[in-house]
Amino acid sequence: MARLKLEFPEDQYYYSTHLTVRVTDINGANHLGNDSMISMISEARARFLFDFGIEETQDDGVGIIVTDLATTYKTEAHARDQLLFEVGVMDFNKYGGDITFRITRPRDNVLVAMAKSGFVFFNYKQGRVVPMPEAFHRKFERVNWAS
């Protein structure tokens, strides 16, 4: 089976936050479960957007919708591990781009996981994908544009 490889440019990380693995995040194999990792990635994304003043849904109905998520795991995380989520953006296009995540355990500086979440802007009132707002991409002027 082919393995997914996720590698991101170092200069595209704009934000970082810490999250602690809870006992309830642990699965039957006694490590951080995939479902809980997805929840933690979603929390890191929400904090990133909030700190950049980006509402997930604005008054006009335009918001961000996740189109896909890819995650590669490098090592296990366990209950009470503090994890550092570094969040970036890349590969902008007319309608969206990718939000990237590098997840490490600062205690021993070990890479736990890498993830990429595709997104587009969506008008929830009209029920359709819409172009990326100018104000959004101006916040991230270093980001590359995919062709």
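Counting from 1, the numbers follow the sequence of the chain as shown.
- At least one side-chain heavy atom of Phe85 sits under 4.5 Å from a side-chain heavy atom of Met40.
- Distance alone, capped at 3.5 Å, is enough to place a donor-acceptor pair between the Asn144 side chain and the Asp91 backbone.
- Both tests hold for Arg142 against Tyr14: distance to the six-membered ring centre under 6.0 Å, angle to the ring axis within 45°.
- In this structure, His137 and Trp145 approach most closely via the heavy-atom pair CG-CZ2, 3.7 Å.
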Q: Determine, stepwise, if the pair Phe136 / Phe92 fulfils ring pair (Phe, Tyr, Trp, His ring centres under 6.0 Å).
A: CA-CA 11 Å; Phe136 180 87; Phe92 280 177; 5.8 Å; yes
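- Residues Val143 and Phe8 do not share a hydrophobic cluster, defined by chaining ILVMFWY side chains whose heavy atoms lie under 4.5 Å apart.
- Within the 3.5 Å criterion, the main-chain N or O of Thr100 finds no donor-acceptor partner in the side chain of Asp98.
- Within the structure, the salt bridge (Lys or Arg N to Asp or Glu O under 4.0 Å) test picks out the following pairs touching residues 59-70 (sequence neighbours left out): Asp68-Lys116.
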Q. Going through the distances and angles, do Thr57 and Val62 end up as a side-chain contact (heavy atoms from CB on, under 4.5 Å)?
A. CA-CA 6 Å; Thr57 304; Val62 174; over 6 Å; no
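- Atom-to-atom distance recorded for Met37:CE and Asn27:CG is 11.5 Å, nearest 0.5 angstrom.
- For the pair Leu84/Ile103, no side-chain contact is recorded, criterion being any heavy-atom separation below 4.5 Å from C-beta on.
- In this structure a side-chain-to-backbone donor-acceptor pair under 3.5 Å is present from Thr67 to Gly118.
- Here the side chains of Tyr15 and Thr17 are in contact, with some heavy-atom distance below 4.5 Å.
- A continuous path of ILVMFWY side-chain contacts below 4.5 Å connects Met114 to Leu4, so both sit in one hydrophobic cluster.
- Here the closest non-hydrogen pair linking Ser117 and Val66 is OG-CG1, 3.5 Å.
- Side-chain atoms of Ser36 do not come within 3.5 Å of backbone N or O of Leu32 as any donor-acceptor pair.
- From Arg105, atom CZ reaches atom CG of Asp81 across 5.0 Å, with rounding to the nearest 0.5 Å.
- Cluster partners of Val129 are Ile65, Tyr95, Val120, Phe122, Tyr124, counting Ile, Leu, Val, Met, Phe, Trp and Tyr whose side-chain heavy atoms approach within less than 4.5 Å, directly or via other members.
- Note that OG of Ser42 and CZ of Phe101 are 7.5 Å apart. Values are rounded to the nearest 0.5 Å.
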Q: Decide side-chain contact (heavy atoms from CB on, under 4.5 Å) for Val112 and Thr104; before the verdict, give the C-alpha distance in whole Å, the side-chain angles of both, and the deciding distance to 0.1 Å.
A: CA-CA 5 Å; Val112 174; Thr104 56; 5.7 Å; no
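- Under the 4.5 Å side-chain contact rule for hydrophobic residues, Leu19 and Val23 do not share a cluster.
- Remark: Glu7 engages no residue in a salt bridge (Lys or Arg N to Asp or Glu O under 4.0 Å) (not counting sequence neighbours).
- Residue pairs meeting the salt bridge (Lys or Arg N to Asp or Glu O under 4.0 Å) criterion with at least one member in residues 28-40: none, sequence neighbours excluded.
- If you chain together hydrophobic residues whose side chains sit under 4.5 Å apart, Phe119 and Met90 never meet in one group.
- Inter-residue side-chain proximity for Pro133 and Arg138 is flagged as unmet; no heavy-atom pair is nearer than 4.5 Å.
- When the shell of 6.0 Å around CZ of Arg107 is examined, it contains more than 12 heavy atoms from other residues, nucleotides or ligands.
- With values rounded to the nearest 0.5 angstrom, Gln82 atom CD is found 4.5 Å from His18 atom NE2.
- Every residue two or more places apart in sequence or in another chain was checked for a salt bridge (Lys or Arg N to Asp or Glu O under 4.0 Å) with Glu55, and none qualifies.
- A cation-pi arrangement is present between Arg102 and Tyr13, with the terminal nitrogen or guanidinium carbon under 6.0 Å from the aromatic centre and inside a 45° cone about the axis.
- Taken from CG in Leu111 to OG1 in Thr75, the straight-line distance is 9.0 Å, to the nearest 0.5 Å.
- Under the 4.5 Å side-chain criterion, counting only non-hydrogen atoms from C-beta, Leu83 is in contact with Val21.
- In this structure, CD1 in Ile26 is found 8.0 Å from CZ in Arg80, a value given to the nearest 0.5 Å.
- Among residue pairs with one or both ends in residues 52-82, those qualifying as ring pair (Phe, Tyr, Trp, His ring centres under 6.0 Å) are Phe48-Phe52, Phe52-Phe140; sequence neighbours excluded.
- Nearest approach of Thr71 to Ala115, heavy atoms of both residues: OG1-CB, 3.8 Å.
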